[in-house]
Q: 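The structure that follows is given in the form of structure tokens.
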Amino acid sequence: MFKFKIIAECPVTGARAGELITPHGIIHTPVFMPVGTLATVKAMSPHELEAIKSQIILGNTYHLYLRPGPEIIAQAGGLHKFMNWEKPILTDSGGFQVFSLARLQKITDENVLCRSHIDGSQLIMSPEWSMYMQGVLGSDIAMCFDQCVEIPTTHEKAEEAVRRTTLWAERSKEYFDAHNDANRQALFGIVQGSVYDDLRIRSANEITNMNFPGYAIGGLSVGESHEEMYRILDVLKDIMPHEKPRYLMGVGYPSNIVEGIARGIDMFDCVMPTRNGRNGTMFTSFGRVNIRGQKYAHDFTALDPECDCYTCRNFTRAYLRHLAMCGEILSARLCTWHNLRFTIRIAEQAREAIIEGRFPEYIERFKSQFHDDNHGED
RNA sequence: GGUGGAAUGGCCGAGUGGUCAAUGGCAACAGACUGUAAAUCUGUCGACGGGAGUCUACCAUGGUUCAAAUCCAUGUUCCACCA
């Protein structure tokens with residue numbers, strides 16, 4: 001029920017186009033996966049997610065464990081039914097919350113003692129806990145419970161996280177194999193190692209030896225420079241199994257996605273399109289646009305003339321600015337709509353270019369057009 | 001007509017003799033955001049100057065005082081109540 005097939009590859013860069021077969025449908029890669037932490041991609045209905053061609057979305061184990069909790073999800077018949085999303089879902093293990101909620105917890109090899117960020121009550125996170133909850137959620141792809149560390153960090157701390165991540169991957173797999181339904185769900189391993197080449201290599205070897213159906217690169221996009229991120233991806237490119245899907249967790253930024261694809265990454269997820277959309281920072285073919293800027297008050301052009309989304313085809317920058325300035329709900333909706341469609345389209349266009357054998361040209365065009373610093377001024 | 005109260009920076013609103021260019025909030029302007037504790041957060045916000053600082057400011061005018069947004073007088077406007 002789970003299979004990955006590479007259908008085209010860029011001979012210059014190694015970028016791949018593939019098909020990931022899951023119980024809820026085929027995913028065409030490279031793919032960008034919108035984040036829907038709490039059983040909703042913020043501001044978007046499932047119907048709208050389909051309209052922007054989302055192939056798969058994320059859910060979060062930790063957040064859904066706290067609210068609404070496993071009983072209600074189970075009673076609903078799983079996460080797909082609960083939120084009425086019939087396409088594939090990937091669930092994060094709660095590993096990232098070990099990182100982002102670090103202040104609220106104590107980490108040992110055994111487990112993570114944590115306080116709920118909602119009411120302060122105690123809970124214990126562990127590989128077994130995560131596999132149980134992801135089983136309840138019934139996601140198509142579950143993730144191993146891992147430990148992500150901040151950057152900068154020491155080699156020593158990064159090494160400890162690598163060791164623990166391997167230990168937890170073994171326990172995740174053991175529990176998963178014994179209790180989860182392999183016909184409905186696949187479990188991916190996660191490589192850690194921060195910005196240290198030796199640790200990345202070690203982690204990749206340890207994790208890939210466990211023979212997961214797919215592998216993720218975690219612990220990036222947490223403070224390192226883009227150059228460091230790309231260097232790590234270059235290091236991992238030749239170590240990670242060629243025939244398995246590769247997922248770069250938490251990325252993200254448009255140019256990071258393109259560069260990631262060029263380094264053999266097949267899957268991405270990130271809150272950036274949704275969160276930045278709600279906060280008024282828009283991505284366009286020419287770079288970033290802070291739609292709240294005064295300079296857009298009288299700008300009656302489309303946000304991104306090259307974009308095919310509902311927002312760009314129907315509304316002006318002046319109107320989007322107005323909605324954003326007023327804090328209107330529609331602002332969050334239209335801005336999220338565009339940012340997600342824009343990001344999804346990057347992966348679509350890259351895929352098309354790979355299949356048609358013109359990926360190097362695609363990436364050159366993207367880089368010459370998308371400028372990080374010009375804020376959308378051409 | 002009478003009695004009482006109020007007037008503060010774009011707006012609301014603290015501040016009742018020096019430490020006040022004046023707390024807060026809002027608006028505005030700019031920035032941040034990468035496996036979501038985020039429809040959030042940060043900075044700026046009288047003028048000039050790089051800065052030290054200088055100037056103009058708390059309805060108006062006059063006064064008291066070494067010193068006034070703060071006290072007094074008069075005026076103006078607004079509010080409440082009574083006729």
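A note on names: the letters A, B, ... follow the listed sequences, proteins ahead of strands, and every chain is numbered from 1.
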Q: A/Phe96 has an atom CZ; how far is it from atom P of B/rG35, in whole Å?
A: 5 Å
Q: Would you mind classifying the nucleic acid contact of A/Gly95 as base, sugar-phosphate or nothing, using non-hydrogen atoms under 4.0 angstrom?
A: nothing
Q: Scan A/Asn60 against the nucleic acid and name what it touches under 4.0 Å (heavy atoms): base, sugar-phosphate only, or nothing.
A: sugar-phosphate
Q: Of all the nucleotides listed (B/rU34, B/rC29, B/rA37), which has the minimum atom distance to the side chain of A/Val271?
A: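 Closest nucleotide to the A/Val271 side chain: B/rU34.
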Q: At under 4.0 Å between heavy atoms, what does A/Leu58 touch on the DNA or RNA strands: base, sugar-phosphate, or nothing?
A: sugar-phosphate
Q: Ignoring hydrogens and angles, state whether a donor on the side chain of A/Thr91 or A/Gln134 is under 3.5 Å from an acceptor on the partner side chain.
A: yes
Q: What is the distance, to the nearest angstrom, from the CD1 atom on A/Ile291 to the C1' atom on B/rC33?
A: 17 Å
Q: Base, sugar-phosphate or nothing for A/Gln97? Non-hydrogen atoms, less than 4.0 Å.
A: sugar-phosphate
Q: For A/Phe96 and A/Phe99, I'd like to know if the aromatic rings sit close, meaning centre-to-centre distance below 6.0 Å.
A: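 Under 6.0 Å, so yes.
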Q: For A/Glu328, is there an ion pair with A/Arg333 - N to carboxylate O distance below 4.0 angstrom?
A: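 Looking at A/Glu328 together with A/Arg333, the answer is no, because their closest N to O distance does not fall below 4.0 Å.
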Q: Can you tell me, in whole Å, how much space there is between the C1' of B/rC81 and that of B/rA73?
A: 26 Å
Q: Strictly by Watson-Crick or wobble contacts shorter than 3.5 Å, is anything paired with B/rG18, and which nucleotide is it?
A: B/rC66
Q: At less than 3.5 Å, do the side-chain atoms of A/Thr274 and the base atoms of B/rU36 form a donor-acceptor pair?
A: yes
Q: How many Å lie between CG on A/Asn339 and C1' on B/rA39, as a whole number?
A: 14 Å
Q: What integer number of Å spans the C1' atoms of B/rG50 and B/rA14?
A: 34 Å
Q: If I pick the P atom on B/rU42 and the same atom on B/rC55, what distance separates them, to the nearest angstrom?
A: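 Per the computed distance, 36 Å lies between those P atoms.
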Q: When you check the gap from the basic side-chain N to the acidic O, do A/Arg16 and A/Glu9 get nearer than 4.0 Å?
A: no
Q: Between A/His322 and A/Phe315 (judged by ring centroids, cut-off 6.0 Å), do the two rings come close enough to count as a pair?
A: no
Q: Give the nucleotide from the list B/rC33, B/rG35, B/rU34 with an atom nearest to the side chain of A/Asn256.
A: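 Within the option list, the nearest is B/rU34.
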Q: Does A/Met325 reach a base, just sugar-phosphate, or nothing at all? Heavy atoms under 4.0 Å.
A: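 The residue A/Met325 makes sugar-phosphate contact but no base contact.
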Q: Quickly work out the A/Arg278 CZ to B/rU34 C1' distance and round it to whole Å.
A: 13 Å
Q: Could you tell me whether A/Asn276 contacts a base, only the sugar-phosphate backbone, or nothing, with contacts defined as non-hydrogen atoms closer than 4.0 Å?
A: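 Result for A/Asn276 = base.
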Q: Rounding to an integer number of Å, can you tell me how far A/Met272 CE sits from B/rU40 P?
A: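 In whole Å, B/rU40 P lies 18 Å from A/Met272 CE.
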Q: Can you find an N or O donor on one side and an acceptor on the other, under 3.5 Å apart, linking the side chain of A/His226 with the base of B/rU34?
A: yes
Q: Whole angstroms only, please: what is the CG-P distance between A/Leu66 and B/rU36?
A: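 Nearest whole value for this atom pair: 13 Å.
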Q: For RNA chain B, whose closest nucleotide is more 5', that of A/Thr37 or that of A/Gly327?
A: A/Thr37
Q: With sugar-phosphate meaning primed atoms plus P, OP1 and OP2, does A/Glu224 contact a base, only sugar-phosphate, or nothing at under 4.0 Å between heavy atoms?
A: nothing
Q: Please tell me which of the listed nucleotides, B/rC29, B/rA37, B/rA32, lies nearest to the side chain of A/His63?
A: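 Selected nucleotide (nearest to the side chain): B/rA37.
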Q: Tell me: CG of A/Asp92 to C1' of B/rU34, nearest whole Å?
A: 13 Å
Q: Nearest-nucleotide wise, let me know which of A/Val35 and A/Ile329 is further upstream toward the 5' end of RNA chain B.
A: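 The residue mapped nearer the 5' terminus is A/Val35.
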Q: A/Tyr215 OH to B/rG35 C1': how many Å, rounded?
A: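 From A/Tyr215 OH to B/rG35 C1': 19 Å.
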Q: Side-chain N or O of A/Arg275 versus OP1/OP2 of B/rU34: is the shortest distance under 4.0 Å?
A: yes
Q: Using the P atoms only, state how far B/rG2 lies from B/rU65, rounded to an integer number of Å.
A: 33 Å
Q: In terms of side-chain heavy atoms of A/Asn279, which of B/rA38, B/rU40, B/rG35 is nearest?
A: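 Nucleotide nearest to A/Asn279's side chain: B/rU40.
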Q: Pick the P atom in B/rU61 and in B/rC79, then give their distance to the nearest Å.
A: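 So the two P atoms sit 24 Å from each other.
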Q: Using Watson-Crick or G-U wobble geometry with both distances under 3.5 Å, which nucleotide pairs with B/rA28?
A: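 Here B/rA28 is engaged in a pair, and the nucleotide opposite it is B/rU44.
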Q: Name the pairing partner of B/rC81, where a pair is Watson-Crick or G-U wobble with both distances under 3.5 Å, or state none.
A: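 Across any shown strand, B/rC81 pairs with B/rG2.
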Q: Taking the same atom, C1', in B/rA60 and in B/rC11, what whole-Å distance lies between them?
A: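 Result for the C1' pair: 23 Å, nearest Å.
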Q: Could you walk me through whether A/Met240 and A/Ile217 pass side-chain contact (heavy atoms from CB on, under 4.5 Å), step by step?
A: CA-CA 10 Å; A/Met240 297 182 65; A/Ile217 299 165; 3.7 Å; yes
Q: Expressed in whole Å, how much space separates the C1' atoms belonging to B/rA6 and B/rC12?
A: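 Their C1' atoms lie roughly 15 Å apart.
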Q: Looking at A/Glu160 and A/Arg164, does any basic side-chain N land under 4.0 Å from a carboxylate oxygen?
A: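 Yes, A/Glu160 and A/Arg164 are salt-bridged.
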Q: Can you tell me whether the side chain of A/Arg288 and the base of B/rG31 have a donor-acceptor pair closer than 3.5 Å?
A: no
Q: Considering only B/rA37, B/rU34, B/rG35, which nucleotide approaches the side chain of A/Val251 most closely?
A: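 Comparing B/rA37, B/rU34, B/rG35 against the side chain of A/Val251, the answer is B/rU34.
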Q: Taking pairing as Watson-Crick or G-U wobble with both contacts under 3.5 Å, can you name the mate of B/rA73, or confirm there isn't one?
A: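 The answer is B/rU61, by the H-bond criterion.
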Q: Please report the distance separating the P of B/rA68 from the corresponding atom of B/rG17, rounded so that it comes out in whole Å.
A: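 Here B/rA68 and B/rG17 have their P atoms 14 Å from each other.
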Q: Taking all non-hydrogen atoms of both residues, which atom of A/Gly277 and which atom of A/Cys335 are closest, and how far apart?
A: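 Minimum heavy-atom contact is O-CB, 3.2 Å.
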